[in-house]
Amino acid sequence: MREIAIAGAGIGGLTAAVALRQAGFDVHVYEQAPELTEVGGGINMGPNATRILYGLGLGPALDREAVRPLSTHQRRWQDGRTLQRAPLNPRSEELYGAPHLTVHRADLLSIVASGFPPERVHLGHRLVGLADTGAGVEAWFEGGVRVTADVLIGADGIHSTVRAALLGEEAPRFAGCVAYRGLVPAAHIADLGLELGSQSWVGPGGHLVHYFVSRGRLLNFVGWTEHDTWNREDWTDRATIARALAAFDGWHPQVRRIIGAADTCFVWALFDREPLPRWSLGRVTLLGDACHPMYPFMGQGAAQAIEDGACLAACLVAGAGDPAAALGRYERLRLPRVSRLQEMSRANKVRFHLPDGPAQEARDAEWARAGDRSPEALRWLYDFDAGALGKEKCYPLAAQND
Ligand SMILES: Cc1cc2nc3c(=O)[nH]c(=O)nc-3n(C[C@H](O)[C@H](O)[C@H](O)COP(=O)(O)OP(=O)(O)OC[C@H]3O[C@@H](n4cnc5c(N)ncnc54)[C@H](O)[C@@H]3O)c2cc1C
């Protein structure tokens, strides 16, 4: 078993490609887009993900482009009062041997892509069908190109064609949340004197997170508000900075200053799926948002896609003689952890958006006591080696859920 085809060159698909090729497989990636692109904005990467990227040799590029936030700080929406504050770096590295990073999505994608030969990434290839012949997998693309491989991995995102072919069509559901996202040149808000860290502001029906990316030159913000319905036409309003300011009317002046200083602002609707009972069938499997999209309220969607890639590579190395069994093992190892994170991310939507009142006061008191965003409190999440998990001798399954 040598040949692996991956559909989708997002962060998940490309990380898997790098890991599998380093493990000695003959890997090709098929991407529908005419070029590698990520919608602008930032991404927050815990040490569970950066450990893998550093292990794949991508550390020097990450050190060049990403930011090592010093702290994470939760604040009240209107008066800015501190609810929790915890150190991130260098504590993360001291505890877990890997830093916590914030990075521009486009930078992260090109860093991961730099670890894989570009001639093996086939752009403009939209997968439209597949067949598992038992001895291999055939995949075909818009325009008529057909390829065969020993294993096919669907890393084709929340609207996954591979998932639909394996498990049937099911439209994702609007999750009742819309994000306003923007990037602000750091020079435009220098007067705020922001620490090189991450801040989350929580309030009734919404929250807003901001952190630096691109070596500290840009501040990324994502502000979430709740809505009953999503209507694409209604939301493709070009005046989104004014609209974002209206959505955060009455919030702390710092929040409004940051939104108002953005060069551009765009809107993103959050979609969701029910957790899947399985991801693999025969010689075909899924990873990342294709099988476990999650609300971004644990900052773990891309991180889990990265973990998938590392675990999948290790499982295929350990079980190359029987690819279907290796894919089944990958799925069994990964499902409990990502299901837990899907649930926690959903719970955070409620927790972060509580209306002011007794429940919010109880939450704030608990946060003040528990410090549940600190690197120490998230040991189960951060002190985890998804690549080692796939190797024969590591971690019993129970260790994932302690
Ligand atoms: C606002 C927001 C903030 C977030 N913040 C964080 C964060 O801080 N930290 C974090 O870890 N995660 C975060 N996430 C989640 C994270 O962005 C996703 O989980 C992650 O990008 C998923 O990666 P992926 O590779 O699985 O899928 P995608 O990035 O969706 O990539 C799928 C790729 O497949 C291609 N494709 C699709 N269909 C086909 C086809 N038929 N044939 C060929 N190619 C195809 C697509 O063009 C795309 O390139 C956030 C998400 C949102 C919406």
Side-chain angles (χ1 to χ4, degrees), residues 5-17 28-50 52-53 69 72 100-106 108-109 112-113 121-130 139-143 145 147 152-165 172 175 177-182 198 200 207-211 213 220-224 266-272 279 286-309 338 341-342 345 381:
I6 300 178
I11 290 162
L14 283 175
T15 304
H28 287 268
V29 181
Y30 301 90
E31 165 59 44
Q32 65 177 3
E35 56 185 331
L36 290 184
T37 44
E38 266 285 341
V39 186
I43 205 148
N44 176 42
M45 297 260 95
N48 56 313
T50 62
I52 293 166
L53 300 177
T72 175
H100 198 114
L101 299 179
T102 51
V103 55
H104 194 295
R105 281 171 177 267
L108 180 60
L109 192 72
V112 179
V121 181
H122 306 276
L123 299 169
H125 279 63
R126 194 168 86 81
L127 183 139
V128 290
L130 61 102
W140 50 95
F141 299 85
E142 207 170 58
V145 174
V147 301
L152 172 69
I153 299 167
D156 48 348
I158 189 165
H159 301 287
S160 172
T161 303
V162 179
R163 177 193 180 284
C177 261
V178 167
Y180 296 89
R181 310 171 69 187
S198 165
S200 310
H207 75 285
L208 184 138
V209 181
H210 59 75
Y211 48 77
V213 297
N220 172 72
F221 73 81
V222 188
W224 295 94
F266 53 98
V267 183
W268 180 293
L270 185 62
F271 284 84
D272 189 27
W279 306 344
L286 301 168
L287 67 72
D289 278 11
C291 51
H292 53 69
M294 58 183 76
Y295 294 178
F297 306 149
M298 288 290 292
Q300 280 287 323
Q304 292 306 306
I306 289 169
E307 284 194 6
D308 288 344
V338 296
L341 282 161
Q342 281 174 301
S345 305
L381 178 57

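Ligands are counted one by one from 1 in listed order, and the atoms in each one are counted from 1 as well. Worth saying up front: this structure is predicted, and the values here are computed from it rather than measured.
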Got a list of side-chain donor-acceptor pairs under 3.5 Å for residues 5-13, not counting sequence neighbours?
none

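- Not a single heavy atom of Ala33 sits under 4.0 Å from any atom of ligand 1.
- At a heavy-atom cutoff of 4.0 Å, ligand 1 is contacted by both the backbone and the side chain of Asp156.
- Of the candidates Ala302, Ala7, Ser345, it is Ala302 that places a heavy atom closest to atom 11 (O) of ligand 1.
- Of the options Ile158, Leu341, Leu108, Asp289, the smallest heavy-atom separation from atom 26 (O) of ligand 1 is shown by Asp289.
- No side-chain donor from either of His159 and Asp289 sits under 3.5 Å from a side-chain acceptor of the other.
- Among Leu123, Val103, Asn44, Leu109, the residue whose heavy atom lies nearest to atom 8 (O) of ligand 1 is Asn44.
- For ligand 1, the polar-atom distance check finds an N/O of Leu127 within less than 3.5 Å of one of the ligand's N/O atoms.
- By the criterion of a heavy-atom distance under 4.0 Å, the side chain of Trp268, and not its backbone, is placed next to ligand 1.
- The ring of Trp224 has its center closer than 6.0 angstrom to the ring center of Phe297.
- Looking at Gln342, its side chain does come within 3.5 Å of a backbone N or O of Pro293 through a donor-acceptor pair.
- Under a 4.0 angstrom heavy-atom cut-off, Phe297 registers as lying outside contact with ligand 1.
- Residue-level proximity to ligand 1 for Met294 is absent, since no heavy atom of it falls below 4.0 angstrom.
- Residue contact check for ligand 1: Gln304 places no non-hydrogen atom closer than 4.0 Å to it.
- For ligand 1, none of its N or O atoms has an N or O atom of Ala290 under 3.5 Å away.
- Remark: ligand 1 and Glu31 share an N or O pair separated by less than 3.5 Å (distance only, no angle test).
- For the pair Tyr211 (side chain) and Ile43 (backbone), a donor-acceptor distance under 3.5 Å is present.
- Within the 4.0 Å heavy-atom shell around ligand 1 one finds Arg105.
- Note on ring orientation: taking the six-membered ring where Trp is involved, the planes of His125 and Phe141 are perpendicular (angle over 60°, cut-offs 30° and 60°).
- Counting heavy atoms closer than 4.0 Å to ligand 1, residue Pro296 contributes side-chain atoms (C-beta onward) but none from N, CA, C or O.
- With a heavy-atom cut-off of 4.0 Å, Ala49 does not touch ligand 1 at all.
- Side chains of Asn48 and Gln300: a donor on one and an acceptor on the other come within 3.5 Å.
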